[in-house]
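Residue numbers begin at 1 in each chain, while the letters A, B, ... track the order of the sequences.
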Amino acid sequence: MKALIIGCGRVGSTIALQLQKEGWEVTVIDENEDALSRLSENWPGRFLVGHGMDTDVLRDAGIEDADALVAATDGDNTNIVIGQVAQKRFGIQCVVARLLDPARAEFYAKRGMRIVCPTKIAIDELNTAVRECVIPPVVAG
Amino acid sequence: MYVVIAGGGKVGANVARSLMRLGHETTLIEQRRDRFQRLEDEFEHQVQRGDATELFVLERAGLARPPDIVLALTGDDEDNMVICQLAKERYGVEKVIARVNDPRNQAHFDLMGISPTICATSSIMALVEHEVPEHDLIHLLELRKENLEIVEVQIDRDSPSAGKRVEGLKLPEGARLISVMRQGKAEIAVGSTTLEAGDQVLAILEPGKEDELRRVLLRR
């Protein structure tokens with residue numbers, strides 16, 4: 001299985017490392033060359049410096065025969081565009097985009113895109129946690 | 001007419017000012033604080049501060065009315081694409097116009113069905129092509145919706161088509177000659193029109209047929 005990860009920040013790099021460990025062939029794209037240091041020292045996958053919206057870069061990265069693409073740059077709109085390009089132009093079945101804004105996440109999730117919204121997950125978790133939470137008694141001292 | 005403009009840089013601010021002068025109800029959205037403050041001095045309540053790709057910002061600007069037209073004129077192509085998608089598909093805005101900053105992103109706008117678009121770089125390049133005679137085939141107009149384009153071809157002495165009648169040319173499928181400009185006078189190209197060296201010929205064709213047309217008219 002071949003995966004393309006766009007954006008090599010905390011999220012992108014960790015997913016890249018995990019997929020690679022599980023035997024995936026992983027290519028990572030980031031605008032910043034220094035992002036390579038987030039991957040392990042002898043990263044066996046490919047790493048390309050470039051913008052994920054640049055179709056030449058995507059082609060170089062092998063998008064045409066990728067099985068999955070993860071759009072995890074720090075820009076929601078960049079991820080939205082990359083996701084749609086991967087889906088509609090290159091016909092990739094499994095496209096996952098990370099969006100921080102819950103409102104845009106909800107809209108694009110309804111339009112056939114697999115969206116992961118960390119903000120929404122945090123809201124839900126915090127909501128549950130605050131309801132379940134047992135406040136420890138204050139010990140007078 | 002109610003117009004919402006996203007992006008208050010030079011382009012957005014000038015378009016906003018022009019529309020307001022024509023008496024159109026206009027709302028301008030600008031994200032950057034420094035720019036917003038300058039714009040507010042001039043446009044007062046007609047400019048709002050915020051990220052125009054956020055739904056609540058769009059709604060505050062009246063996207064739910066919806067506006068007659070939304071202009072996405074920011075300096076970020078991805079933002080302009082998302083603004084247009086949200087306007088059309090979420091709020092039912094019928095008309096959008098998007099600014100393309102990097103011509104390499106044009107295909108993405110097309111893919112998302114965002115039209116019309118305007119790209120300063122592409123327009124300048126078209127003018128350069130037109131002004132610099134070393135280009136033998138000049139793109140004059142792209143009819144993106146129709147998937148057609150209009151080009152101009154300069155016939156010279158060595159062109160195989162010089163001295164031939166239009167009906168005798170083996171034009172590629174999906175290409176037609178429109179007119180011939182000779183010594184400052186234009187004529188509609190018909191079957192019996194004979195091409196001459198020095199003619200400027202207008203042709204309409206499907207994009208991608210340029211090389212075939214060039215071969216028939218110019219053999220290059």
J.: Are more than 12 heavy atoms, taken from residues, nucleotides or ligands other than Glu94(B), located less than 6.0 Å from that residue's CD atom?
T.: no
J.: Please tell me if the side chains of Val82(B) and Tyr108(A) come closer than 4.5 Å, counting only heavy atoms from C-beta onward.
T.: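 With C-beta onward as the side chain, the pair touches.
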J.: Would you say CZ of Arg114(A) has more than 12 non-hydrogen atoms from neighbouring residues, nucleotides or ligands within 6.0 angstrom?
T.: no
J.: Just so I understand: if I count every heavy-atom pair under 4.5 Å between each of Leu55(B), Ile83(B), Thr53(B), Asp76(B) and chain A, which residue has the most?
T.: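 Ranked by heavy-atom pairs under 4.5 Å with chain A, first place is Thr53(B).
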J.: Less than 4.5 Å to any heavy atom of chain A: does that hold for the side chain of Asn80(B), its backbone, both, or neither?
T.: neither
J.: Taking every heavy-atom pair that is under 4.5 Å apart, which of Gln84(A), Lys110(A), Lys88(A) has the most such pairs with chain B?
T.: Gln84(A)
J.: Answer with side chain, backbone, both or neither: which region of Arg90(B) has an atom nearer than 4.5 Å to a non-hydrogen atom of chain A?
T.: both
J.: If you look at every heavy atom in Gln85(B) and Phe107(A), which pair is closest and at what distance?
T.: O-CZ, 4.3 Å
J.: Can you tell me if Arg104(B) uses its side chain to pair, donor with acceptor, with the backbone of Asp54(A) under 3.5 Å?
T.: no
J.: Heavy-atom pairs under 4.5 Å with chain A are the metric here; pick the option from Glu78(B), Met81(B), Met112(B), Glu89(B) that has the most.
T.: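 Answer, by heavy-atom pair count under 4.5 Å with chain A: Glu78(B).
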J.: Return the CG to NE2 distance between Asp102(B) and His51(A), rounded to the nearest 0.5 Å.
T.: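 The NE2 atom of His51(A) is 9.0 Å from CG of Asp102(B), to the nearest 0.5 Å.
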J.: With a sphere of 6.0 Å drawn around CZ of Arg111(A), does it hold more than 12 non-hydrogen atoms of other residues, nucleotides or ligands?
T.: yes
J.: Counting only heavy atoms from other residues, nucleotides and ligands, does the tally under 6.0 Å from CD of Glu125(A) exceed 12?
T.: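 No, because the 6.0 Å sphere around CD of Glu125(A) holds 12 heavy atoms or fewer from other groups.
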J.: Report yes or no: does His108(B) contribute a side-chain atom to a donor-acceptor pair with the main-chain N or O of Met53(A) at less than 3.5 Å?
T.: yes
J.: May I ask you to check whether over 12 heavy atoms, not counting those of Arg59(A), lie within 6.0 Å of atom CZ?
T.: yes
J.: Does a sphere of radius 6.0 Å around NZ in Lys120(A) hold more than 12 heavy atoms from other residues, nucleotides or ligands, not counting ones at 6.0 Å or beyond?
T.: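 Incorrect, the count does not exceed 12.
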J.: Among Thr78(A), Asn77(A), Ile80(A), whose side-chain contact (heavy atoms from CB on, under 4.5 Å) with Asp79(B) holds?
T.: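 Passing option: Asn77(A).
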